[in-house]
Protein chains: 2
Amino acid sequence: MSDELMTIRQMCDAFEVTPRTLRFYEARELIFPERRGQHRLYDRRDRARLTLILRGKRFGFSLEEIRQLLELYEPGGANKAQIAAAISVGRQRLADMERQYAELSEAIVDLKSQLSEAEIRLSAASRETITG
Amino acid sequence: MSDELMTIRQMCDAFEVTPRTLRFYEARELIFPERRGQHRLYDRRDRARLTLILRGKRFGFSLEEIRQLLELYEPGGANKAQIAAAISVGRQRLADMERQYAELSEAIVDLKSQLSEAEIRLSAASRETITG
DNA sequence: CGTCTCGCTTACGTTCGCGTCAACTTGGCC
DNA sequence: GGCCAAGTTGACGCGAACGTAAGCGAGACG
């Protein structure tokens, strides 16, 4: 399968990021593409990690927070302490996300209400323009 | 009522921000405390705006995006074009938030699943330690 | 009166997450 | 061999959102 390994360009096109971004994430130890000679090659695992990175960013987590969280998604033979640490980080992030989820729900209701009021004001203003 | 107007220090304590932050928001025209002599005084309207600002930040919006959105919460005699513009911005933010809401829901399910698996790995590792 | 605290302004410093640019290798093609 | 495209490694730059420090009133207190 040609979709097993991808070049940096293919990755950039697929995920809408720049090469600089991918190298930056690698420097921060968020992804670990293998090297064929000098070039980087990204496999399915790298793509899965990148998906999680971009998702995490959208929720406002820092790259460092995301890096820690990514360990949770690595079944690699980590020892007890490492797994426990990853679980701890994961629980913290989960709590953050659930708080954010609840707050977002409120904020959406609130914003919808404000939009309704504004639409009423707008139609009132329009009527004034017409009948004024 | 003494809670009608608040000093910068009271605001900082109430909202857990620094004076620098409040002055910065003012410089970016997100809040408009009145001046008694040289000092700033914040009223209920300022507090409401600050609440929305901090909320917006938690959802990953920039201060500029928040500033535009705040106009939606201002019933002040804005003209038709301004109201329409605010509504447009508001709809965009609403769409952003609803997307984020849906994605967050998925991410939470995902993370919970990973946590479960990790906990299984942890207990397996513990048993190895004991019986090893 | 001195000094303390609170707040003000001005201005430079910092961190994060990349963008941008220069200079170098490498592989393919003619 | 010559040349281009794609990729690489530094190194510096930049905007956002503040932090921090310097220096200046102005009121309160003993």
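This structure is a prediction, so every number in the text was calculated from the model and none was measured.
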Quiz item: Quick one: is A:Thr7 getting a side-chain N or O under 4.0 Å of the D:dG7 phosphate, OP1 or OP2?
Solution: yes
Practice problem: For B:Arg58 and D:dA17, give me the distance from atom CZ to atom P, rounded to whole Å. | Solution: 15 Å
Self-check item: Out of D:dA17, D:dT8, C:dG17, whichever nucleotide has its closest atom nearest the side chain of A:Ile8
Solution: D:dT8
Exercise. Assess A:Arg93 against A:Phe61: is NZ or CZ under 6.0 Å from the centre of the six-membered ring, and within 45 degrees of the ring's axis?
Key: yes
Quiz prompt | d(CD1, A:Ile66; C1', C:dG17) in whole Å | solution = 11 Å
Practice problem: Check step by step if side-chain contact (heavy atoms from CB on, under 4.5 Å) holds for A:Arg49 and A:Tyr73. | Solution: CA-CA 8 Å; A:Arg49 292 177 73 91; A:Tyr73 288 76; 5.9 Å; no
Quiz item: What's the closest nucleotide to the A:Phe24 side chain, out of D:dA17, C:dC18, C:dC8?
Solution: C:dC18
Exercise. Look at all strands and tell whether B:Arg36 reaches a base, only sugar-phosphate, or nothing, counting heavy atoms closer than 4.0 Å.
Key: nothing
Quiz item: Any side-chain N or O of A:Tyr25 less than 4.0 Å from the OP1 or OP2 oxygen of C:dG17?
Solution: no
Practice problem: Could you tell me whether the phosphate oxygens of D:dC18, OP1 or OP2, come under 4.0 Å of any side-chain nitrogen or oxygen in B:Thr18? | Solution: no
Quiz item: Can a side chain N or O of B:Arg40 be found less than 4.0 Å away from OP1 or OP2 on C:dG7?
Solution: no
Quiz prompt | D:dG19 phosphate, OP1 or OP2, under 4.0 Å from B:Thr21 side-chain N/O | solution = yes
Quiz item: Quick one: is C:dT9 close enough that its OP1 or OP2 comes under 4.0 Å of any side-chain N or O from B:Arg35?
Solution: yes
Practice problem: Mind calculating the distance between CD (A:Gln38) and C1' (C:dG27) to the nearest angstrom? | Solution: 13 Å
Practice problem: May I have the distance from B:Gln10 (atom CD) to C:dG7 (atom C1'), rounded to whole angstrom? | Solution: 13 Å
Practice problem: Would you kindly give the CZ-to-C1' distance between B:Arg9 and C:dC8, to the nearest whole Å? | Solution: 14 Å
Practice problem: Using only side-chain N and O atoms of B:Lys57, determine if any of them is under 4.0 Å from OP1 or OP2 of D:dA16. | Solution: no
Exercise. Let me know the distance between CE of A:Met11 and C1' of D:dG7, rounded to the nearest Å.
Key: 15 Å
Quiz prompt | Pairwise 5' ranking along DNA chain D for B:Glu64 and A:Leu41, keeping only the more 5' one | solution = A:Leu41
Quiz prompt | Check: A:Asp96/A:Gln100 side-chain N/O donor and acceptor closer than 3.5 Å | solution = no
Quiz item: Which is it for A:Ile83 and A:Lys80 under the side-chain contact (heavy atoms from CB on, under 4.5 Å) test, yes or no, and what are the steps along the way?
Solution: CA-CA 5 Å; A:Ile83 298 177; A:Lys80 216 178 120 180; 6.0 Å; no
Quiz item: Side chain of A:Arg20, base of C:dT20: donor and acceptor closer than 3.5 Å?
Solution: yes
Practice problem: Quickly work out the A:Glu16 CD to C:dC18 C1' distance and round it to whole Å. | Solution: 17 Å
Exercise. Could you tell me whether the side chains of B:Thr21 and B:Thr18 share a donor-acceptor contact shorter than 3.5 Å?
Key: yes
Quiz item: A:Arg28 has an atom CZ; how far is it from atom C1' of C:dG17, in whole Å?
Solution: 7 Å
Exercise. Taking all non-hydrogen atoms of both residues into account, name the closest pair between B:Pro33 and B:Glu26 and its distance.
Key: CG-OE1, 3.4 Å
Exercise. Using a 4.0 Å heavy-atom cut-off across all strands, classify A:Arg23 as base, sugar-phosphate, or nothing.
Key: base
